[in-house]
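Keep in mind that this is a model prediction, so the values were computed, not measured. For the numbers below, each heavy atom of this structure counts, side chains included, while hydrogens, waters and symmetry mates do not.
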Amino acid sequence: MHIIAVVVTFNRLPLLQRNLECLRANRGVSHIVVVNNGSTDGTADYLATLPAAHFTIITQANVGGAGGFHRGISEAMQQGAEWIWCMDDDVFPRPDCLEHLLPYTADARYGILAPRRLMDGRIYTNDFTAYNLTNPFASLHKGKLASCPPTEPTEIAGTAFEGPLIRREVVEKIGLPNRELFIFCDDTDYCLRTVRAGYRILSVPAALMDKEHFFSTDSWAERNHKKKWKRFYQVRNATYLNHHYGLNLWVRYLRPLIGVAGYVVTALATCAFSRAYALKDVARFWRAYRDGLAERLGIMQP
């Protein structure tokens with residue numbers, strides 16, 4: 001079986017090095033495609049030392065995780081991959097991770113196989129079992145596994161781009177990830193398209209990956225200040241998903257409005273005494289919401 005791993009990285013060389021070491025310890029990986037989104041921390045020099053027989057290195061401008069997976073999966077398809085193992089540079093598959101996924105590749109119903117992620121030894125998951133496209137007052141994601149993680153393989157509807165093993169036929173049928181999303185929701189969008197195409201997604205708890213824990217010592221203000229630029233994409237892309245796939249006007253317009261309102265209220269309530277948000281961020285959140293409704297995607301301008 002021809003399995004190609006696709007790793008997307010940006011300015012996290014120590015994590016990338018650990019990730020690639022873990023990948024190479026997994027028997028069954030035929031080749032590794034590394035997409036370097038314009039790193040400036042020495043990543044390019046390190047990648048240049050890797051043997052071409054085992055690695056394909058793609059260096060491009062920073063087009064986000066979505067653009068990275070778009071390019072990497074395209075390359076894996078051109079190289080004839082039967083299955084494509086996708087992940088960011090901050091997850092570390094255990095040596096037998098792939099081994100636990102492989103038995104389920106024989107079942108043609110499954111288009112994506114999802115490993116379990118652990119953070120500091122505890123289960124970390126945002127996987128869910130269904131989509132809510134009708135009730136605007138509830139989350140898009142139904143049946144979140146975080147509340148009661150299963151111990152046996154379980155069918156789900158969505159997972160993150162942190163280790164999914166994707167069947168070639170899925171890519172042939174639904175295409176590549178939407179690179180215009182840049183970051184956030186590109187994985188949810190891809191899983192939704194997979195499910196709508198008639199494929200199933202299976203979560204395999206025995207297949208374990210460790211995930212890096214960021215911002216663990218930061219205060220609330222510090223953490224949100226560092227992640228603020230990502231929040232605008234989160235608002236825009238979540239709005240886009242609800243508007244694009246919602247089955248009624250309430251989901252298409254009201255649910256995104258409720259979502260952006262939470263960020264606006266938080267920014268207004270804290271900007272006077274916290275560095276997490278500034279007053280100008282309110283306008284940016286509103287613009288992100290409007291862009292999502294208009295389905296204007298791509299890299300957001302300052």
Side-chain angles (χ1 to χ4, degrees), residues 8 10 35 37 60-74 86 88 111-112 126 128 130-142 157-161 164 166 170-199 201 227-267 280-302:
V8 177
F10 174 68
V35 181
N37 272 343
Q60 60 182 15
N62 186 7
V63 289
F69 285 117
H70 183 280
R71 180 72 183 279
I73 293 174
S74 175
C86 298
D88 291 319
I112 297 178
N126 46 20
F128 54 95
Y131 292 91
N132 167 24
L133 300 174
T134 58
N135 180 1
F137 300 105
S139 171
L140 172 68
H141 312 114
K142 295 174 62 177
T159 188
F161 274 149
I166 304 172
V170 170
V171 184
E172 291 175 336
K173 190 167 186 177
I174 73 171
L176 299 167
N178 186 348
R179 60 186 171 188
E180 297 302 315
L181 290 168
F182 190 71
I183 60 169
F184 280 115
C185 300
D186 52 320
D187 39 24
T188 301
D189 176 76
Y190 203 74
C191 288
L192 179 52
R193 288 158 56 193
T194 298
V195 172
R196 285 162 62 103
Y199 292 97
I201 304 173
K227 297 175 71 173
K228 179 173 63 176
W229 70 274
K230 295 183 179 181
R231 299 299 187 201
F232 302 120
Y233 285 100
Q234 191 169 7
V235 167
R236 185 198 67 183
N237 293 349
T239 300
Y240 162 79
L241 286 186
N242 284 296
H243 183 267
H244 191 76
Y245 295 108
L247 297 180
N248 57 53
L249 292 176
W250 299 105
V251 170
R252 296 181 68 191
Y253 292 95
L254 180 57
R255 182 190 282 162
L257 183 60
I258 294 172
V260 72
Y263 284 104
V264 168
V265 169
T266 300
K280 64 182 179 181
D281 293 329
V282 173
R284 293 199 67 196
F285 278 127
W286 186 249
R287 190 181 76 185
Y289 165 73
R290 292 178 60 192
D291 283 351
L293 288 183
E295 302 192 6
R296 287 190 297 266
L297 303 177
I299 298 176
M300 296 177 63
Q301 300 303 314

Inset, instruction - Mind checking the CG-OH spacing from Leu297 to Tyr240? Nearest 0.5 Å is all I need. - result: 6.0 Å

Inset, instruction - Give the ring-plane orientation class for Phe285 versus Phe232, where under 30° counts as parallel, over 60° as perpendicular and anything between as tilted. - result: tilted

Inset, instruction - If the plane angle is over 60° it's perpendicular, under 30° parallel, otherwise tilted; pick one for Phe182 and Trp229. - result: perpendicular

Legend entry - NZ (Lys142) with more than 12 external heavy atoms under 6.0 Å: no

Using residues 170-179 as the side-chain source, report each donor-acceptor pair under 3.5 Å to any protein atom, sequence neighbours left out, with the distance given to one decimal.
unit_1, atom_1, unit_2, atom_2, d
Glu172, OE2, Arg168, NE, 3.1
Lys173, NZ, Ala197, O, 3.1
Asn178, OD1, Glu180, N, 3.0

Legend entry - For Val35 against Gly72, the heavy-atom pair lying closest together: CG2-CA, 3.7 Å

What pairs of donor and acceptor atoms, side-chain ones from residues 246-265 against any protein atom, are under 3.5 angstrom apart with sequence neighbours left out?
unit_1, atom_1, unit_2, atom_2, d
Asn248, OD1, Trp250, N, 3.1
Asn248, OD1, Val251, N, 2.8
Asn248, ND2, Thr134, O, 2.9
Arg252, NE, His243, O, 2.9
Arg252, NH2, His243, NE2, 3.4
Tyr253, OH, His243, NE2, 3.4
Arg255, NE, Ala138, O, 3.0
Arg255, NH1, Asn132, O, 3.0
Arg255, NH1, Asn242, OD1, 2.6
Arg255, NH2, Asn132, O, 2.9
Arg255, NH2, Asn135, O, 2.7
Arg255, NH2, Ala138, O, 3.3
Tyr263, OH, Gln234, OE1, 3.4

Legend entry - Closest non-hydrogen atom pair, Pro164 against Ala160: CD-O, 3.3 Å

Inset, instruction - Would you sort out whether Phe69 and Asp88 count as a side-chain contact (heavy atoms from CB on, under 4.5 Å), showing the intermediate values? - result: CA-CA 9 Å; Phe69 285 117; Asp88 291 319; 3.5 Å; yes

Legend entry - Nearest-0.5 Å distance, OH of residue Tyr199 to OG1 of residue Thr194: 9.0 Å

Legend entry - Arg284 side, atom CZ; Lys228 side, atom NZ - distance, nearest 0.5 Å: 8.0 Å

Legend entry - Gap between atom CD1 of Ile73 and atom CZ of Arg71 - 0.5 Å precision: 13.0 Å

Inset, instruction - Could you tell me whether the side chain of Asn237 and the main chain of Leu181 form a donor-acceptor pair under 3.5 Å? - result: yes

Inset, instruction - Assess whether atom CZ of Arg296 is packed by more than 12 heavy atoms of other residues, nucleotides or ligands within 6.0 Å. - result: yes

Inset, instruction - Please lay out, stage by stage, how Thr188 and His141 fare under the test side-chain contact (heavy atoms from CB on, under 4.5 Å). - result: CA-CA 9 Å; Thr188 301; His141 312 114; 3.9 Å; yes

Inset, instruction - Please report the C-alpha distance between Tyr233 and Asp186 in whole Å, then the side-chain angles of each, then the deciding distance to 0.1 Å, and finally whether the side-chain contact (heavy atoms from CB on, under 4.5 Å) criterion is met. - result: CA-CA 11 Å; Tyr233 285 100; Asp186 52 320; over 6 Å; no

Legend entry - Main-chain N/O of Ala157 paired with Tyr131 side-chain donor or acceptor, under 3.5 Å: yes

Legend entry - CD1 on Ile112 to CG on Asp187, rounded to 0.5 Å: 9.5 Å

Legend entry - Any Val235 side-chain heavy atom under 4.5 Å of Trp286 side chain: no

Legend entry - Distance (rounded to the nearest 0.5 Å) between Glu295 CD and Leu241 CG: 9.5 Å

Inset, instruction - Kindly give the heavy-atom pair with the smallest separation between Cys86 and Ile166, and that separation in Å. - result: SG-CD1, 4.0 Å

